[in-house]
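Heads up, the thing below is written out as structure tokens.
For the single chain, residues carry numbers from 1 onward in sequence order. All values below come from the heavy atoms of this structure, side chains included, with hydrogens, waters and symmetry mates left out.
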Amino acid sequence: PDDVAGKTFTITFDPNGGSLSGSATMQTNSSFKLDQLPGNPTRSGYSFGGWYDEAGKPVTDVAVGSTGNITLTAKWIANKNTPYVVEHYKRDLNSNSYTLVERETFVGTTDAAIAPDVNSYEGFSSPNEETVTITPDGSLVVRYNYDRITYSLTLQYRDGVTQSKTITKQYADVIELPVPQREGYGFAGWSDTYDYSGNLYGPQEDITVPTGTATNGLSLYAIWIKS
């Protein structure tokens, strides 16, 4: 509507994903200069970068003589110090549960895609890196689960009767070595080499599943002493 001083029109403020504490519209008159625009919009993880018109130009005031309804849109600048957390869990021995072993805190740009590094732990397989987005409120927690490597141990009885036996265990598990019997012989233990030149294990000795990355297994050979 027209009035004595000029024409009244409406300015609409679009918070563009943020929020305003006051009204989203303002009426003004073409005979006045509007030199104070709302400066208090907020958006989690972002800093306010000013108001922009429909042509993408920054607007700091509305000059005298302006007419017609206008929409001004908030510009947001992503914060570069938004926190996020990466947690590393190791699988418990002979269990489906996991235990937290390391927790790392980082900062990055809000809504940016990231792929946090995975760690390397002896005896555990590392998961694939996940690509995630940094949440504006800093609540992102990336969880990586590390599974225990499974190893096989083959027992070679070498008594001419008993077939070899393969035992499968997880990393750091304990294997109770059997004490076999053979007529006319005494059992003296196990060796990890065919000619007994390697590591020797006593008749009732337990061993911990081997470390390292090889999963093709370890063979132990029975040592017999003729009675």
Consider only side-chain heavy atoms of I, L, V, M, F, W and Y, link residues closer than 4.5 Å, and tell whether [X] and [Y] are in one cluster.
| X | Y | answer |
| --- | --- | --- |
| Val85 | Val132 | no |
| Ile11 | Tyr52 | no |
| Leu93 | Val174 | no |

Please report the shortest heavy-atom distance between [X] and [Y], naming the atom on each side.
| X | Y | value |
| --- | --- | --- |
| Phe124 | Arg148 | CE2-CG, 3.3 Å |
| Ala222 | Phe187 | CB-CE1, 4.0 Å |
| Ile225 | Ala188 | CD1-CB, 3.6 Å |
| Thr135 | Leu140 | OG1-N, 3.0 Å |
| Pro116 | Glu130 | CD-O, 3.4 Å |

Strictly distance-based, threshold 3.5 Å: is any side-chain N or O of [X] a donor or acceptor partner for the main-chain N or O of [Y]?
| X | Y | answer |
| --- | --- | --- |
| Tyr201 | Asp192 | no |
| Trp190 | Leu155 | no |
| Trp224 | Gly184 | no |
| Tyr146 | Asn119 | yes |
| Asp14 | Asn16 | yes |

(request) Could you tell me how the ring of Tyr121 sits relative to the ring of His88: parallel (under 30°), tilted (30 to 60°) or perpendicular (over 60°)? (result) perpendicular
(request) Classify the ring geometry between Tyr151 and Tyr171 as parallel (under 30°), tilted (30 to 60°) or perpendicular (over 60°). (result) tilted
(message) Running the 4.5 Å side-chain criterion over Ile, Leu, Val, Met, Phe, Trp and Tyr, what cluster does Tyr194 land in, apart from itself?
(response) Tyr196, Leu200, Tyr221, Ile223
(request) Let me see the working for Thr99 and Asp92 under side-chain hydrogen bond (donor to acceptor under 3.5 Å, both in side chains), right down to the final yes or no. (result) CA-CA 7 Å; Thr99 297; Asp92 297 333; 2.7 Å; yes
So do [Y] and [X] actually touch side chain to side chain, heavy atoms under 4.5 Å?
| X | Y | value |
| --- | --- | --- |
| Tyr157 | Gln163 | no |
| Leu72 | Asp53 | yes |
| Val179 | Gln181 | yes |
| Pro136 | Asp111 | yes |
| Glu129 | Asp117 | yes |
| Tyr89 | Ser97 | no |

(message) Please determine whether the number of non-hydrogen atoms from other residues, nucleotides or ligands lying under 6.0 Å from atom CG of Asn94 exceeds 12.
(response) yes
(message) Tell me whether Glu205 at atom CD has more than 12 heavy atoms from other residues, nucleotides or ligands lying less than 6.0 Å away.
(response) yes
Side-chain H-bond candidate by donor/acceptor type, [X] with [Y], under 3.5 Å:
| X | Y | result |
| --- | --- | --- |
| Thr110 | Thr82 | yes |
| Thr12 | Thr25 | no |
| Thr168 | Ser152 | no |

(message) Among Ile70, Asn69, Thr71, which residue satisfies the side chain to side chain contact (heavy atoms under 4.5 Å, CB included) criterion with Thr10?
(response) Asn69
(message) Tell me whether Arg143 is salt-bridged to Glu87, with the criterion being a basic N under 4.0 Å from an acidic carboxylate O.
(response) no
